[in-house]
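Model, not experiment: these values are computed from the prediction.
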Amino acid sequence: MIEHFSELRGFLDRHLDDVTEAVREAAAAEIVPRFRQLAEDDVVQKSGPHDLVTSADRLAELRLTDALTALLPGSVVVGEEAVHADPAVYGALEGDAPVWIVDPVDGTRQFVHGDPGFCTLVALVRGGATLASWTYAPALGELAIAVLGDGATLNGTRLAAGAPADGALLDVATSHPDFTTPAQKEALLGLRAPGVAPRPCGSAGLEYLAVARGTGDATAFSWEAAWDHAAGLLLVTEAGGAHLTRDRVPFRYQGGNALPFTAARDLATAERVVKLLGG
């Protein structure tokens, strides 16, 4: 991991602001103008009514793909919409090239319904390590950036997840039932325990941001799509948090995880949630 980080550290030192600007520009050009302005034919269901794609998703991902690969020649993009069109694209995560993992509109359901709780997620990964991430919520005016080993910031202010107060009710954002198997549903029932307040999640990226800033305590998610998790998991860990799967190892964005998994404000909370999930 250190070797891969060293190869790209110079790029990040030179171009961190350029990537940030590319994320902002994509949102300004393709997402913000369509917020609360979508026509009926701008929205399409993918796997079901809770899995939507809009013209903003597609166009923002195309713009980010062009901008990010131009900034880092030889890099490739694994984007939610590109993988939907061709699942083989996901295999780039197993290769040697630097990969940009992109979710152009995380929280598309919220975006479609005019709710400002959506964001754009970008993560730079290589060789199993997430090196940097961007979480941008344009309608909320929030931009969180994390760099491996350098910490995490929100609008320029350093983030510290901290730990839940002793005896406080534990706020845990959980997967929507449509995205859970019967076994995962049973595991999530373990969160209905004294001292725990499970609730349905909104945008995954913003739930991770809540954990990183200490306004949420943990997540319990049951799906593996890298574009939903790579940016937020780095954000949480660089803010001092931790993430664990049910077999008590860190989440792997390449897949094969014991689900559900958790990201939490600190390791003790992550271990507590995993135990409740039956891990």
Side-chain angles (χ1 to χ4, degrees), residues 1-27 64 67-69 71-78 93 96-103 106 119-138 140-163 204-216 218-219 226-244 249-254 263-267 269-270:
M1 183 172 68
I2 294 174
E3 177 185 353
H4 290 308
F5 181 67
S6 297
E7 291 175 1
L8 291 172
R9 184 61 204 229
F11 168 80
L12 291 170
D13 288 343
R14 295 188 303 274
H15 294 294
L16 190 71
D17 290 344
D18 296 324
V19 177
T20 302
E21 187 59 24
V23 173
R24 287 186 181 276
E25 286 181 352
L64 282 166
L68 297 173
T69 54
L71 284 170
L72 182 56
S75 64
V76 296
V77 171
V78 171
L93 292 173
D96 292 330
V99 179
W100 299 100
I101 301 177
V102 173
D103 190 343
D106 179 63
C119 59
T120 298
L121 302 174
V122 173
L124 177 61
V125 307
R126 188 175 186 186
T130 308
L131 307 175
S133 76
W134 293 257
T135 300
Y136 181 42
L140 300 176
E142 295 186 332
L143 172 65
I145 300 173
V147 177
L148 182 64
D150 282 357
T153 60
L154 174 61
N155 292 343
T157 299
R158 186 166 290 273
L159 287 169
L206 294 184
E207 298 292 1
Y208 284 123
L209 176 55
V211 173
R213 71 201 303 184
T215 58
T219 64
W227 47 80
D228 285 323
H229 304 305
L233 290 175
L234 182 65
L235 189 65
V236 167
T237 55
E238 286 299 316
H243 55 92
L244 293 174
V249 298
F251 179 86
R252 300 170 295 275
Y253 54 74
Q254 297 96 328
R265 292 173 64 182
D266 62 355
L267 181 58
T269 303

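With hydrogens and angles disregarded, a donor-acceptor distance shorter than 3.5 Å links the side chain of Arg126 to the backbone of Asp96. Without hydrogens or angle criteria, Thr219 side chain to Ala263 main chain gives a donor-acceptor distance under 3.5 Å. No donor-acceptor pair under 3.5 Å is formed between the side chain of His243 and the backbone N or O of Pro250. In this structure, the side chain of Ser133 engages the main chain of Ala231 through a donor-acceptor pair within 3.5 Å. Between the side chain of Glu238 and the backbone N or O of Ala152 there is no donor-acceptor pair closer than 3.5 Å. The backbone N or O of Thr153 lies less than 3.5 Å from no partner atom in the side chain of Arg158, so there is not a single donor-acceptor pair. In terms of modelled atom types and a separation under 3.5 Å, the side chain of Asn155 and the main chain of Leu143 share a donor-acceptor contact. Side chain of Arg265 to backbone of Ala163: a donor-acceptor contact under 3.5 angstrom is found.
For the side chain to side chain contact (heavy atoms under 4.5 Å, CB included) test, residues two or more places apart in sequence or in another chain that qualify with Ala226 are Tyr90, Leu93, Ile101, Tyr253.
Taking each heavy atom of Ala132 and Leu12 in turn, the nearest pair found is CB-CD2, 3.9 Å. Taking each heavy atom of Glu142 and Leu154 in turn, the nearest pair found is CB-CD1, 3.9 Å. Nearest heavy-atom pair, Ala242 versus Thr237, reported as atom, atom and distance to 0.1 Å: CA-CG2, 4.4 Å. In terms of heavy-atom proximity, Tyr208 sits nearest to Val236 at O-CG2, 3.5 Å. Between Ala264 and Ala270, the shortest heavy-atom contact is CB-N, 3.5 Å.
Between the OG1 atom of Thr69 and the CG atom of Leu64 there is a distance of 10.0 Å, given to the nearest 0.5 Å. We find the CG-CD1 distance between Leu16 and Ile145 to be 5.5 Å, quoted to the nearest 0.5 Å. In this structure, the separation between CD on Glu207 and CG on Asp106 is 9.5 Å, given to the nearest 0.5 Å. Considering CZ of Arg213 and CG of Leu206, their distance stands at 9.0 Å, rounded to 0.5 Å.
Looking only at atom types and distance, the side chain of Thr20 has no donor-acceptor partner in the side chain of Asp17 under 3.5 Å away.
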**Request:** Would you please test Leu71 and Val19 for side-chain contact (heavy atoms from CB on, under 4.5 Å) and show each step?
**Result:** CA-CA 8 Å; Leu71 284 170; Val19 177; 4.0 Å; yes

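Using cut-offs of 30° and 60° for the angle between ring planes, the Trp100 and Trp134 rings count as tilted.
With a 4.5 Å cut-off on side-chain heavy atoms, Thr120 and Val102 do not count as touching.
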